[in-house]
Number of protein chains: 2
Amino acid sequence: MVKPILPGRPARGSKSGRPIMLLLDLLGRRWVLRLIWELREEPKRFRELQVAIGASPTIVNERLAELRATKLVELDDASGYRLTTLGKELLHLFLPLNVWSEKWANRLSA
Amino acid sequence: MVKPILPGRPARGSKSGRPIMLLLDLLGRRWVLRLIWELREEPKRFRELQVAIGASPTIVNERLAELRATKLVELDDASGYRLTTLGKELLHLFLPLNVWSEKWANRLSA
DNA sequence: CGTGATTGCTACAGTTTCTGTAGCAATCTG
DNA sequence: CAGATTGCTACAGAAACTGTAGCAATCACG
């Protein structure tokens, strides 16, 4: 088990508990960005997510727990895992990456 | 050695090779976001980066190599590691996270 | 009722990734 | 020539992740 992400507790590699450090730590954990990305449109079930990203259930569960503890994702019995209001805000900050990544890929293959 | 990030090659957990998947894979690797963040203001030396984030030289070197291969970071002999133009563009997409993370932290501790 | 499907999630051995420490070759400094 | 700084490598031990199996709870159908 990895150190939890919680306010006031320092992130890995940071002595301060500054929010940006916590956030970068959280987002830098394997599959976290992908999970948020997969939930960008509609809610998904546990297995659905697992298959979509191709990770083991162990780690999918762990990451989902972290995302729930940090109020970015919630589990709705009727529809499945979905982004919270906070999670949607974060997603919107990320959406420009989609467009930018195309440009980036072009520059790489050039 | 982890699978390299290169255009046309699929990211971990993705069959497609779509740029956004490559980008999310790259950014989701440990320390990558932190490294970009640490370079946001001025260039830094290898050891300086290593100390700043508190990771082992092995992995710092590996991640820097990936960031160089993907043209986000470059090494200038005179000043040290720094963001490329492309890297600065990416950083600018990330800057809003800094402000947002404060709000997020407040909501968590509430 | 009872059988099967779906749900979120856990157990655990094996593999990959990362850490922590030591140290090297090359370059500059005095 | 000694000392400091540079980027980087080696390697054993520790931590994180995978892949597979499976469990308890809930729901649907007959």
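Note: hydrogens, waters and symmetry copies are ignored here, and every other heavy atom, side chains too, is used. The sequence lines fix the lettering, A, B, ..., with proteins before strands; numbering per chain opens at 1. Quick caveat: nothing in here was measured; it's all calculated off a predicted structure.
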Asker: Could you give the CG-to-P distance, from A:Leu75 to C:dC9, as a whole number of Å?
Answerer: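 Roughly 6 Å, once rounded to whole Å.
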
Asker: Does A:Arg63 make a side-chain N or O approach to OP1 or OP2 of D:dC17 shorter than 4.0 Å?
Answerer: yes

Asker: Is B:Trp37 close to B:Arg40 at the side-chain level, that is, under 4.5 Å between some pair of heavy atoms?
Answerer: yes

Asker: Take the protein atom CD of A:Glu62 and the nucleotide atom P of C:dG8, then report the distance between them rounded to whole Å.
Answerer: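 Distance, rounded to whole Å: 18 Å.
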
Asker: Flag the pair A:Leu91 / A:Leu39 as yes when at least one side-chain heavy-atom distance between them is below 4.5 Å, and no otherwise.
Answerer: no

Asker: In this structure, how many angstroms lie between the P atom of C:dG8 and the CD atom of A:Glu74, rounded?
Answerer: 14 Å

Asker: Tell me, do A:Leu75 and A:Leu64 make a side-chain contact under 4.5 Å, heavy atoms counted?
Answerer: no

Asker: Please give, in whole Å, the distance from D:dG7 C1' to B:Ile59 CD1?
Answerer: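 Atom CD1 in B:Ile59 sits about 16 Å away from atom C1' in D:dG7.
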
Asker: Tell me: CG of B:Asp76 to C1' of D:dG7, nearest whole Å?
Answerer: 14 Å

Asker: Produce a footprint string for nucleotides 20-30 of chain C: one letter per nucleotide, 5' end first; B if the base is under 4.0 Å from any protein heavy atom, S if only the sugar-phosphate is, - if neither.
Answerer: BBBB-------

Asker: Can you name the nearest heavy-atom pair linking A:Asn98 to A:Ser101, along with the distance?
Answerer: O-OG, 2.7 Å

Asker: Within less than 4.0 Å of OP1 or OP2 of D:dG7, is there a side-chain N or O belonging to B:Asn61?
Answerer: no

Asker: What is the separation between atom CZ on A:Arg30 and atom C1' on D:dG19, rounded to the nearest whole Å?
Answerer: 13 Å

Asker: Return the value, rounded to whole Å, for the distance between atom CG of A:Leu49 and atom C1' of C:dG8.
Answerer: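 After rounding, the reported distance stands at 12 Å.
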
Asker: Grouping I, L, V, M, F, W and Y whenever their side-chain heavy atoms are under 4.5 Å apart, do B:Leu33 and B:Val99 come out in a common cluster?
Answerer: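 As far as the 4.5 Å side-chain criterion goes, B:Val99 and B:Leu33 are not connected within one cluster.
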
Asker: Going by side chain to side chain contact (heavy atoms under 4.5 Å, CB included), name the residues that satisfy it together with B:Thr85, two or more places apart in sequence or in a different chain.
Answerer: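 Residues passing side chain to side chain contact (heavy atoms under 4.5 Å, CB included) with B:Thr85: B:Glu89.
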
Asker: Let's see if you can work this out: which of D:dC8, D:dT6, C:dC9 has an atom nearest to the side-chain heavy atoms of B:Arg45?
Answerer: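 Nearest to the side chain of B:Arg45 among the choices is D:dT6.
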
Asker: Is any side-chain N of the basic residue among A:Arg29 and A:Glu66 closer than 4.0 Å to the acidic one's carboxylate O?
Answerer: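 Here A:Arg29 pairs with A:Glu66 in a salt bridge, since their nearest N and O are under 4.0 Å apart.
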
Asker: How long is the line joining CD of A:Glu48 and C1' of C:dC9, in whole Å?
Answerer: 17 Å

Asker: Quick check for you: among D:dG7, D:dT18, C:dC18, whose closest atom lies nearest to any side-chain atom of A:Trp31?
Answerer: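 Of all the options, the side chain of A:Trp31 is nearest to D:dT18.
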
